[in-house]
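First up is the structure itself, then whatever we jot down about it.
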Amino acid sequence: MVEPMVHRDVADDSCVLDVRHLSVSRGGVGVLDDIELSVATAESVAIGGASGSGKSTLLAAIAGLVKPERGEVWIAGERQTHARRRWTRTRLHRIGIVFQADEFLPELTLLENICLPSMLRSGRRRIAEHADAAEILAERLGIAELLDRRVFEVSMGQLQRAAIVRAVLGSPPLILADEPTSALDEHSAREALRLLVGVAGDAGSALCIVTHDPAIAMLCDRRVDLSAGSVAGHPSAAAGHRLG
Ligand SMILES: Nc1ncnc2c1ncn2[C@@H]1O[C@H](COP(=O)(O)OP(=O)(O)OP(=O)(O)O)[C@@H](O)[C@H]1O
């Protein structure tokens, strides 16, 4: 059954993401336990914690890619249910995603791959507009010269930057990013994430970024650490106070 989407009070408009009492199990084992996390408009939050503490699972649950056992996820004032079509719409219209396993279509150029979600959102008629905005962002990310190349003609680092351009294009209210741990060397990963924090801030998008890198966490407004599936420290660390 498709539950009706519930809209929040106008007073809560500044809250782009509200995770309430979220618990998630994977493979029958509890991974996240009663997570609370609120993220304001244009706020950037670094999500840290040891390997296996549930950081990627939290992003996947926020993106509707894994189903929670308990709890709620509110995005831009709408409570998300786990009806698949609703999530597809939310991801398309409200969330930019930079995940480790980012997928690009090998038949298309970087520019076409970058513009695809925007075209799905607003139609082919605005293709020139999307392409112009993508080129400006690509210039900033240092991949403007590569936009006509196909996926197998660029490096993993360049592909990561293309994924950032794709996520930021259209200034979604929320961007979710998982640090690329395997594909990139430390310097390239840091540089890509540093650029992501900058362009997301300029776009006015809130950002939740999973990172082990203290230098990237320092660039964010706030840091939240997961420990064994819970938010470490006092709950208020996740619920609203800016630390940085
Ligand atoms: N699809 C899955 N099926 C079963 N267990 C899973 C699945 N994905 C993740 N897990 C388990 O959930 C726990 C949390 O994993 P998750 O990837 O969220 O942690 P993480 O903090 O992002 O780790 P890392 O920093 O190493 O990327 C781990 O114990 C992991 O083995």
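We count ligands from 1, going down the list as the structure has it; atoms in each ligand are counted the same way. We use all heavy atoms of the structure for the numbers below, so side chains are in, but hydrogens, waters and symmetry mates are not.
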Taking 4.0 angstrom as the limit and counting only heavy atoms of [X], give me the atoms of ligand 1 inside it, by number and element.
| X | result |
| --- | --- |
| Lys55 | 18 (O), 19 (O), 20 (P), 21 (O), 22 (O), 23 (O), 24 (P), 25 (O) |
| His212 | 25 (O) |
| Ser53 | 19 (O), 21 (O) |
| Ala50 | 21 (O) |

- Query: Can you tell me if Lys55 uses its side chain to pair, donor with acceptor, with the backbone of Gly49 under 3.5 Å?
  - Reply: yes
- Query: Any side-chain heavy atom of Val98 sitting closer than 4.5 Å to one from Val168?
  - Reply: no
- Message: Can you confirm whether Leu116 sits close enough to Leu105 that some side-chain heavy atom of one is under 4.5 Å from a side-chain heavy atom of the other?
- Response: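 A side-chain contact exists here, since the closest heavy-atom pair is under 4.5 Å.
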- Look only at interatomic distance and state if Val31 has a nitrogen or oxygen under 3.5 Å from any nitrogen or oxygen of ligand 1.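 By distance alone, the answer is no.
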- For Arg149, enumerate each residue passing the side chain to side chain contact (heavy atoms under 4.5 Å, CB included) test, keeping only those at least two apart in sequence or located in another chain.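 Applying side chain to side chain contact (heavy atoms under 4.5 Å, CB included) to Arg149 gives Leu146, Glu153, Val154.
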- Task: Tell me, please: is Gly52 in heavy-atom contact with ligand 1, that is, under 4.0 Å?
- Result: yes
- Which residues pass the salt bridge (Lys or Arg N to Asp or Glu O under 4.0 Å) test with Glu72, sequence neighbours left out? Arg20
- Task: Please work out which of Leu32, Thr57, Ile47 has its closest non-hydrogen atom nearest to atom 16 (P) of ligand 1.
- Result: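 Of the listed residues, Thr57 has the closest heavy atom.
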- Item | Proximity to ligand 1 by part of Ala60, non-hydrogen separation under 4.0 Å | neither
- Query: Salt-bridged, Asp34 to Arg70, with N to O below 4.0 Å?
  - Reply: no
